[in-house]
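Worksheet: one structure, shown below.
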Amino acid sequence: MAASDLAALAALFADESRAAFLLALLDGRAWTAGELARHAGVAPSTASEHLGKLVAGGVLSEERQGRHRYVRLADPGIAHLVEDLAARSEPEVPAPPRSLRAASAGRAMARGRTCYDHLAGRLGIAITDAMTERGLLRQDTGFALTDRGLAWFDEQGVPLARKGRRPVARGCLDWTERRPHLAGLAGAALCRHAFDAGWCVRIGSERAVRVTPAGETALWTVLGIPTTALR
């Protein structure tokens with residue numbers, strides 16, 4: 001990559017409205033231009049201009065259904081980059097929330113959320129720590145599932161579709177916990193399973209998730225995670 005290419009990529013992130021779009025799209029879902037405009041508090045025409053730049057730069061992919069235009073993050077690598085930048089730019093002493101609603105939303109996001117297609121926040125860290133303590137995951141030389149970890153995924157009926165260049169396991173720096181949580185194919189597969197099995201449900205309109213009573217029982221049974229770590 002030439003220096004000019006790196007500068008061009010960085011410039012795509014260096015706008016507050018575009019940054020708001022990228023953070024919203026970390027929920028892994030496709031959004032319309034109108035939804036993103038309302039989320040960022042900008043005019044639809046302004047949002048369309050910004051989205052055009054992000055699509056042209058390969059940061060977002062675009063889908064059209066009838067007259068609707070949907071965009072999503074182009075790939076897991078972009079999601080990892082956005083989350084990593086968010087973690088590194090978070091101030092050491094966050095500004096106090098402006099309202100009770102904002103404080104509640106912030107606590108919910110810190111407790112558990114999706115980071116593109118895997119679990120983050122205290123929930124993601126609790127799962128990552130439990131897998132490491134049980135010898136399912138190694139963090140000493142980078143993130144890697146052990147043979148025991150691969151067998152554990154099979155035992156849980158969680159398939160790891162190994163295709164493309166995406167690693168099976170990788171660490172993603174958590175912007176609220178300031179520690180890495182499990183990402184990669186394994187993190188994505190475990191997140192899908194958590195929703196499909198009813199262990200977690202989305203709450204509100206952001207990325208926050210809540211562990212259900214069934215999920216608390218399951219996570220204690222399969223990973224020994226105490227309920228107190230999930231609330």
Side-chain angles (χ1 to χ4, degrees), residues 22-29 73 75-90 94 104-140 142-146 149-150 152-153 156 158 160 166-204 206-231:
L22 295 173
L23 288 171
L25 289 165
L26 275 178
D27 68 358
R29 293 178 286 190
L73 296 179
D75 56 57
I78 295 295
H80 182 81
L81 178 58
V82 173
E83 182 80 0
D84 195 32
L85 287 172
R88 295 178 188 279
S89 61
E90 182 75 5
S104 298
R107 287 194 297 269
M109 287 279 282
R111 185 168 54 246
R113 65 182 182 276
T114 55
C115 172
Y116 189 55
D117 61 359
H118 55 272
L119 296 170
R122 291 199 301 275
L123 170 60
I125 293 296
I127 291 173
T128 301
D129 286 349
M131 292 182 67
T132 303
E133 291 167 4
R134 281 156 182 73
L136 310 178
L137 176 69
R138 292 189 61 178
Q139 298 188 44
D140 54 345
F143 269 56
L145 290 184
T146 63
L150 292 169
W152 181 85
F153 272 84
Q156 303 306 316
V158 182
L160 294 176
R166 191 178 188 188
V168 173
R170 73 179 298 176
C172 180
L173 184 61
D174 197 291
W175 64 265
T176 51
E177 296 297 308
R178 304 299 180 90
R179 297 173 53 205
H181 55 245
L182 176 63
L185 292 174
L190 194 54
C191 181
R192 284 195 304 272
H193 182 73
F195 283 115
D196 291 345
W199 294 1
C200 296
V201 292
R202 295 184 184 273
I203 56 176
E206 299 289 342
R207 295 186 283 139
V209 301
R210 176 177 58 82
V211 179
T212 65
E216 291 178 352
T217 300
L219 289 171
W220 169 253
T221 302
V222 302
L223 286 173
I225 299 175
T227 299
T228 53
L230 304 173
R231 295 181 176 176

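Owing to the predicted nature of the structure, the values given are computational and were not obtained by experimental measurement.
- Looking only at distances, a side-chain donor or acceptor of Thr146 sits under 3.5 Å from a matching main-chain atom of Gly135.
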Check the pair Trp152 / Val222 against side-chain contact (heavy atoms from CB on, under 4.5 Å), numbers first and verdict last.
CA-CA 9 Å; Trp152 181 85; Val222 302; 4.1 Å; yes
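- With rounding to the nearest 0.5 angstrom, the CG atom of Leu136 is 12.0 Å from the CD1 atom of Ile127.
- Ion pair Glu216/Arg210 not flagged as a salt bridge, since none of the NZ, NE, NH1 or NH2 atoms sits closer than 4.0 Å to an Asp/Glu carboxylate oxygen.
- Using a cut-off of 4.0 Å between Lys/Arg side-chain N and Asp/Glu carboxylate O, Asp129 and Arg134 are scored as not salt-bridged.
- Within the model, atoms CH2 of Trp199 and CG of Leu190 stand 6.5 Å from one another, a figure rounded to the nearest 0.5 Å.
- Leu123 and Gly112 get closest at one heavy-atom pair: CB-CA, 4.0 Å.
- Contact annotation: the side chain of Trp175 approaches that of Arg113 to within less than 4.5 Å [non-hydrogen atoms, C-beta and beyond].
- Between the side chain of Thr176 and the main chain of Gly121, no donor-acceptor pair closer than 3.5 Å is present.
- Nearest heavy atoms, His80 versus Cys172: CE1-CA, 3.6 Å.
- In this structure, CD1 on Ile125 lies 9.5 Å from OG1 on Thr132, to the nearest 0.5 angstrom.
- Looking at heavy atoms from C-beta onward, His181 lies out of side-chain contact with Phe143 at the 4.5 angstrom threshold.
- Going from atom SG of Cys115 over to atom CG of Leu182 covers 11.0 Å, rounded to the nearest 0.5 Å.
- In this structure, CG in Leu22 is found 9.5 Å from CG in Leu85, a value given to the nearest 0.5 Å.
- For the pair Arg202 and Phe195, the cation sits on the ring face: its NZ or CZ lies under 6.0 Å from the ring centre, inside 45° of the axis.
- Annotation: the span from His118 atom NE2 to Leu26 atom CG amounts to 8.5 Å, rounded to 0.5 Å.
- In terms of heavy-atom proximity, Cys200 sits nearest to Val211 at SG-CG2, 4.2 Å.
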Output, in order, the C-alpha distance, side-chain angles, deciding distance and verdict of side-chain contact (heavy atoms from CB on, under 4.5 Å) for Leu219 and Leu230.
CA-CA 9 Å; Leu219 289 171; Leu230 304 173; 3.9 Å; yes
Using the rule given for side chain to side chain donor-acceptor pair (under 3.5 Å), can you reason through Arg179 versus Thr128, listing the C-alpha separation, both sets of side-chain angles and the distance that settles it, and then say yes or no?
CA-CA 10 Å; Arg179 297 173 53 205; Thr128 301; over 6 Å; no
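- Side-chain contact between Ile225 and Trp220 is absent, with no heavy atoms from C-beta onward closer than 4.5 Å.
- Side-chain atoms of Arg207 come within 3.5 Å of backbone N or O of Thr114 as a donor-acceptor pair.
- Closest non-hydrogen pair, Ala110 versus Glu177, comes out as O-OE2, 4.3 Å.
- Here the shortest heavy-atom pairing between Leu23 and Ala86 reads CD2-CB, 4.2 Å.
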Would Met131 and Leu145 count as a side-chain contact (heavy atoms from CB on, under 4.5 Å) if you check the C-alpha gap in whole Å, the side-chain angles of each, and the deciding distance to 0.1 Å?
CA-CA 9 Å; Met131 292 182 67; Leu145 290 184; 4.0 Å; yes
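- Residues Ala214 and Gly198 share a closest heavy-atom pair of CB-O, 4.3 Å.
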